[in-house]
Structure formats: structure tokens, C-alpha cells
Amino acid sequence: MRKKMIIAVDGYSSTGKSTFARRIASMLGYLYIDTGAMYRAVALACLRRGIIKSSDPFRMDMDGLQDVLGKCDISFSNNSGAEHADTFLNGENVERQIRSVEVSDVVSNVSSIPQVRAFVDERLREFGKGRGIVMDGRDIGTVVFPDADIKIFMTAAPEVRAGRRLKEMREKGNDSVTYDEILENLEKRDRTDVSRAVSPLRKAYDAIVLDNSEMTLDDQMEWIKSILK
Ligand code: DC
């Protein structure tokens, strides 16, 4: 039987990592793990417990954090080979809540706390034991699974990413946000991701770069099939 691989998909935000990673998992019948969703679930648990004292500047009650992490059980539903999976926090489906503006506003700061990263990393390594998985995130190929079988680093021109994000927002009925605002927000997030002290976003030395600025999802699937061969 073919070896069950660990496939790490890292890269900049809005490069289509999760859609691509999900598709690969579905094609191979592997488990797909959205690692950003885990950080979002932790951020939601912190918000609910009221331990985030201020979002700008960011302040957290660190004793409260230990307590929250001790009671945080995060899981995913039917994600083996599925194109979609919901995130559960202590048995409750929180898929919609973790995508809210409130969570998006604090998740980057929450994910920069070393204790939070240690908590998530430990769970991610558990998920990876003895089975085929595709994980997308920022530090999967560098920190979580430095021995992953295949490492992909996704990038695309900021203008292309902003254009895709704008289209997505318009489709969801959001007409107020402008292209320039999206581009600015995206470039700011890029800077935060690359410059943070703990597990910054960077390409693993052995990762293969996929610049999908001018590629469709089908093109990307053809690309990964040739890599898998
Ligand atoms: O991919 P996303 O937007 O859902 O990620 C949410 C946040 O979590 C984002 O601020 C980056 C952070 N993150 C991280 O630090 N490491 C990962 N492996 C995945 C996400």
C-alpha cells in the first residue's frame, strides 16, 4: 500500500490555501486540517471567557488563558476526503462564529502567544499520527511537521489576491469594502505574518513554491498531480 503522506501547505493569506489543500485531501482520501480554524477556535474560547482585556493594544489575562486552554477541546466533523468540514469547540459547532469579525480581529494576536502555539501544535501532531493528512497554515512545513513528505509554499501577487478577495466579498453581498482597503489590509497581514517573533511565515528550505497568480484551481490540481507522480 502507498505510504500515507503528510502534505504541508503554507503561504500568504488569501492565496487559496484551504481550497487547494481540501481538494488535495479529497483526491487522496486524506484528512484535511485547517490549522487557522484551530487558532480561530482558541480565540473564540478566549472571547467567550472574557479574558481578552483589550484588542488594541492587545492585552490578555494570562492566568485565564491557562484555564481556557485546559478546557479547550477542538475537533472537526466528517473531514476525511470531504470538501467541507465544520469546527467544533467542546462539542458545539462553531464554524460560523470562528469566521466572525470579532474573532478575525483578535486571532492574529492570540496566535502569536507561545502557549497558544504550543497547545495547537501538540494537537496538530496528534492528528498527523499514522494517517495521511493535508494541513494548511503558516508554519506547518517549518515548525509543526518539518519532516512532511511534501511541502508547498503558496504565493500570488498582492493585487491578484486582493482582486479575488473583493470578488468573494461581493458574492457574499458585502458592497461597502473597497479594493484599496482590501489590498491595504492584506499587505498589513503579510507584514504581521512574516515579522512576528514566534513561528513567522517563511518558506521551508525544502518547500516547493506555487505562485498561482495566473493559475486556476484546475491548473493547480494538474500541478500537484505531477508533483505526486
Ligand atoms: O488562515 P486563517 O486566516 O484562518 O488563520 C487565522 C489566524 O491564525 C491568522 O492570523 C494566522 C494564524 N495562523 C498561524 O499563525 N499559524 C497557522 N499554522 C495557521 C494560522
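Just follow the structure's listing: the first ligand is 1, and inside any ligand the first atom is 1. The structure displayed is predicted, hence computed values, not measured ones.
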- Within-cut-off N or O pair, Arg196 and ligand 1, under 3.5 Å: yes
- Query: In terms of residue, atom name and distance, what is the protein heavy atom nearest to atom 19 (C) of ligand 1?
  - Reply: Thr35 OG1, 3.3 Å
- So, are Asp67 and Arg49 salt-bridged, with charged N and O less than 4.0 Å apart? yes
- Looking only at heavy atoms of Lys17, does any of them come nearer than 4.0 Å to an atom of ligand 1? no
- Item | Under the side chain to side chain contact (heavy atoms under 4.5 Å, CB included) test, residues paired with Asp190 that sit two or more places apart | Tyr12, Ser13, Arg161, Leu186
- Item | Asn212 and Arg164: side chain donor to acceptor below 3.5 Å | yes
- What atoms in ligand 1 come closer than 4.0 Å to a heavy atom of Arg117? 14 (C), 15 (O), 16 (N), 17 (C)
- Closest to atom 4 (O) of ligand 1 (heavy atoms only, candidates Arg99, Arg40, Arg138, Met135) is Arg40
- Task: Please determine, by modelled atom types, if Ser213 and Asp211 share a side-chain donor-acceptor pair under 3.5 angstrom.
- Result: yes
- Message: Arg125: which residues meet the salt bridge (Lys or Arg N to Asp or Glu O under 4.0 Å) condition with it, sequence neighbours left out?
- Response: none
- Using a strict cut-off of 4.0 Å, indicate which atoms of ligand 1 neighbour a heavy atom of Asp139. 16 (N), 17 (C), 18 (N)
- When you measure from the side chain of Asp147 to the backbone N and O of Asp149, does any donor-acceptor pair fall under 3.5 Å? no
- Identify the protein heavy atom lying closest to atom 7 (C) of ligand 1, giving its residue, its atom name and the separation to 0.1 Å. Val107 CG2, 3.7 Å
- Protein heavy atom at shortest distance from atom 12 (C) of ligand 1: Ser111 OG, 3.6 Å
- Over-ring placement of Arg123 relative to Phe127, 6.0 Å and 45° cut-offs: no
- Message: For atom 5 (O) of ligand 1, what's the nearest protein heavy-atom neighbour? Residue, atom name and distance, please.
- Response: Gly36 CA, 3.6 Å
- Item | atom 8 (O) of ligand 1 - nearest protein heavy atom and its distance | Tyr39 CB, 3.7 Å
- Query: Which ligand 1 atoms are under 4.0 Å away from a heavy-atom of Ser108?
  - Reply: 10 (O)
- Between the side chains of Asn90 and Asp73, does any donor sit under 3.5 Å from an acceptor? no
